[in-house]
Amino acid sequence: MASSSSSSSCVSLVVKVALLAAISLLHGGGSVPAAAELCVGYYDDTCPDAISIVQDVLVDAHSSDPRIFASLIRLHFHDCFVQGCDGSVLLDTFDGFESEKDAVPNKDSARGFPVVDAAKAALEDACPGVVSCADILAIAAEISVELSGGPGWSVLLGRLDGLTSSKADAENLPGPFDALSVLQAKFRNATLDDTTDLVALSGGHTFGRVQCQFVTNRLYNFSGTNQPDPTLNAAYLAFLSQRCPRNGDGSSLNNLDPTTPDTFDKNYYTNLQVNRGFLQSDQELKSDPGALTSTAPIVDRFASSQDAFFRSFAQSMIKMGNIRPVTDPSLGEVRTQCAFVNDS
């Protein structure tokens, strides 16, 4: 499990920035150094039990909701891809303020908000006004993966919560119907690479559930042909057609990974090798003609080595967690409630 202690002797930047600010003021400095880099030991002095507090909340939630771990990593992903990792996905709509929750990729599918709120409440009891909601998402993602059998990594912390949300940007999240070229462009725009980061982070679909509405086009009218997606394994097509009948309930849930649906492992990639990817965007990594020289070899490498997948996934998660974090107090805050900015 990720630890809040730092092996790199990272000084708590809350204290460090305060000291620098005091020195600057004593010497008549006109500007106060505010922004700071993320580090593993950010809460060592101010909330040393932060990670264990979040873990306790997640373990309790998982006892009644086996989907919650996959849902929480998805929240972190959707947060970081819109305005950076700033907790904006958690904000509610208020006073005409349009929330990312209402964007098509999130509405009626993003979940786990009450668990994040519960973690925030527990942290506020222990360390009021210290741990940001954006950091809760980063911590929860790591815990969720590791408790599901996946890799652990040292979570860099110190993000502040953003003051705005962008429903418009959230409409352009990587989507289940995206072609490979579109997925690659969206990853590049997020400052991630369009091969290893794309394939590794897509491996987050190795656990969790997905609604029928996201596969029905592949089953009955792929690309407007009134035919199934030709890349779908015939037996898997028959299975999914029973699970998601034409004109059936689009909200019915299915396992993203039919082999080990609640375990974080490499089976996502072995499924792609035999054309058993549930989402079009998943199978594109292996079957798109452009994948041959870009993403398909990485799919094959991860399918043959879980260690290689785990190493790359952890590295890509750290990299994603560093997308445009807010660390300047003039641009962010530590929200008291994750669904609202403090002055709302």
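The first residue of the sequence shown is numbered 1, and numbering continues consecutively from there.
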> Do Thr295 and Asp288 come within less than 4.5 Å of each other through their side chains, counting heavy atoms only?
Replying inline: no
> Under a 4.5 Å side-chain heavy-atom rule over Ile, Leu, Val, Met, Phe, Trp and Tyr, are Val182 and Leu279 clustered together?
Replying inline: no
> Should we count CG of Asn247 as having more than 12 external heavy atoms under 6.0 Å?
Replying inline: no
>> Can you confirm whether Asn254 sits close enough to Cys212 that some side-chain heavy atom of one is under 4.5 Å from a side-chain heavy atom of the other?
In response: yes
> For atom CZ of Arg324, is the number of surrounding heavy atoms from other residues, nucleotides or ligands below 6.0 Å larger than 12?
Replying inline: no
>> Apply side-chain contact (heavy atoms from CB on, under 4.5 Å) to residues Val59 and Leu147 and explain how you reach the verdict.
In response: CA-CA 9 Å; Val59 169; Leu147 289 183; 3.8 Å; yes
>> Within a 6.0 Å radius of atom CG on Leu253, are there more than 12 heavy atoms belonging to other residues, nucleotides or ligands?
In response: yes
>> Using ring centroids (six-membered ring only for Trp), state whether Phe81 and Phe187 fall under 6.0 Å.
In response: yes
>> Over 60° means perpendicular and under 30° means parallel, so tell me whether Phe177 and Phe214 are parallel, tilted or perpendicular.
In response: tilted
> Looking at Leu58 and Ala140, what are the two nearest heavy atoms and their distance?
Replying inline: CD2-O, 3.6 Å
> Quick check: does any side chain N or O of Arg335 sit under 3.5 Å from a backbone N or O of Gly162, one acting as donor and the other as acceptor?
Replying inline: yes
>> Under a 3.5 Å distance rule, please check whether Asp79 uses its side chain to pair with a backbone N or O of Gly87 as donor and acceptor.
In response: yes
> Under a 4.5 Å side-chain heavy-atom rule over Ile, Leu, Val, Met, Phe, Trp and Tyr, are Ile68 and Val89 clustered together?
Replying inline: yes
> Any side-chain heavy atom of Glu37 within less than 4.5 Å of one from Thr327?
Replying inline: no
> Is the backbone N or O of Asp300 less than 3.5 Å from a side-chain atom of Ser304, with the two atoms forming a donor-acceptor pair by type?
Replying inline: yes
> Is it true that Phe222 and Tyr220 fall in one hydrophobic cluster, defined by side-chain heavy atoms closer than 4.5 Å?
Replying inline: no
> Do the side chain of Lys266 and the main chain of Asp307 share a donor and acceptor less than 3.5 angstrom apart?
Replying inline: no
>> Using only atom types and a distance under 3.5 Å, with no angle test, would you say the side chain of Glu171 pairs donor to acceptor with the backbone of Val104?
In response: yes
>> Show the nearest heavy-atom pair for residues Lys120 and Val131, with the distance to one decimal.
In response: NZ-O, 2.7 Å
> With a 6.0 Å cut-off on ring centres, are Phe264 and Phe69 close enough?
Replying inline: no
> OG1/Thr195 to CG/Leu198 distance, rounded to the nearest 0.5 angstrom?
Replying inline: 8.0 Å
> Counting only heavy atoms not in Gln211, do more than 12 sit closer than 6.0 Å to its CD atom?
Replying inline: yes
> What distance do Ser316 atom OG and Arg311 atom CZ have between them, rounded to the nearest 0.5 Å?
Replying inline: 12.5 Å
>> Could you check whether any side-chain heavy atom of Thr270 comes within less than 4.5 Å of a side-chain heavy atom of Thr259, counting everything from C-beta outward?
In response: no
> What distance do Glu124 atom CD and Cys47 atom SG have between them, rounded to the nearest 0.5 Å?
Replying inline: 9.0 Å
> Does Trp153 reach the side chain of Met317, with side-chain heavy atoms less than 4.5 Å apart?
Replying inline: yes
>> Test side-chain contact (heavy atoms from CB on, under 4.5 Å) on Leu90 and Leu137; report intermediate values, then the result.
In response: CA-CA 10 Å; Leu90 303 172; Leu137 288 178; 4.0 Å; yes
> Hey, does Ile143 have a side-chain heavy atom less than 4.5 Å from the side chain of Ile51?
Replying inline: yes
>> Please check: side-chain N/O of Gln306 versus main-chain N/O of Asp265, any donor-acceptor pairing under 3.5 Å?
In response: no
>> side-chain contact (heavy atoms from CB on, under 4.5 Å) for Val130 and Val334? Distances and angles first, verdict last.
In response: CA-CA 7 Å; Val130 173; Val334 175; 5.9 Å; no
> Should Phe313 and Leu156 be regarded as members of a common hydrophobic cluster, given that ILVMFWY residues are connected when their side-chain heavy atoms come within less than 4.5 Å of each other, either directly or indirectly?
Replying inline: yes
>> Between Tyr268 and Leu285, is there a side-chain heavy-atom distance shorter than 4.5 Å?
In response: yes
> Which heavy atom of Cys244 sits nearest a heavy atom of Val215, and at what distance?
Replying inline: SG-CG1, 4.0 Å
>> Could you report the tightest heavy-atom contact between Tyr236 and Asn255, atom names first, then the distance?
In response: OH-O, 4.4 Å
> Closest heavy-atom contact between Thr164 and Leu91?
Replying inline: O-CD1, 3.7 Å
> How about Gln337 and Asp117: do any of their side-chain heavy atoms sit closer than 4.5 Å?
Replying inline: no
> Is it true that Val210 and Leu72 fall in one hydrophobic cluster, defined by side-chain heavy atoms closer than 4.5 Å?
Replying inline: no
> Okay, side chain of Asp60, backbone of Asp56: is any donor-acceptor separation there less than 3.5 Å?
Replying inline: no
> Asp178 and Gln280: which non-hydrogen atoms are nearest, and at how many Å?
Replying inline: O-NE2, 4.5 Å
> Out of curiosity, Asp102 CG to Lys167 NZ, how far, rounded to the nearest 0.5 Å?
Replying inline: 6.5 Å
> Are Asp262 and Arg209 close enough, and set up right, to give a salt bridge (Lys or Arg N to Asp or Glu O under 4.0 Å), and what steps lead you there?
Replying inline: CA-CA 9 Å; Asp262 296 315; Arg209 312 289 186 269; 2.9 Å; yes
>> Determine whether a donor-acceptor pair (N or O, by modelled atom type, separation under 3.5 Å) exists between the side chain of Glu284 and the backbone of Leu183.
In response: no
> Side chain of Gln283, backbone of Thr231: donor and acceptor closer than 3.5 Å?
Replying inline: no
> Given the side-chain rings of Tyr269 and Phe309, with only the six-membered ring counted for Trp, is the space between their centroids under 6.0 Å?
Replying inline: yes
>> Would you compute the distance between atom CG of Asn322 and atom SG of Cys80 and round it to the nearest 0.5 angstrom?
In response: 9.0 Å
> Just how far is it from atom CG of Asp193 to atom CD of Gln184, taken to the nearest 0.5 Å?
Replying inline: 9.5 Å
> Yes or no on side-chain contact (heavy atoms from CB on, under 4.5 Å) for Leu331 and Leu160, after CA distance, side-chain angles and deciding distance?
Replying inline: CA-CA 8 Å; Leu331 302 175; Leu160 294 174; over 6 Å; no
> Under a 4.0 Å N-O cut-off, is there an ion pair linking Lys101 with Asp92?
Replying inline: yes
> Backbone N or O of Arg159 within a donor-acceptor pair of the Asp135 side chain at under 3.5 Å?
Replying inline: yes
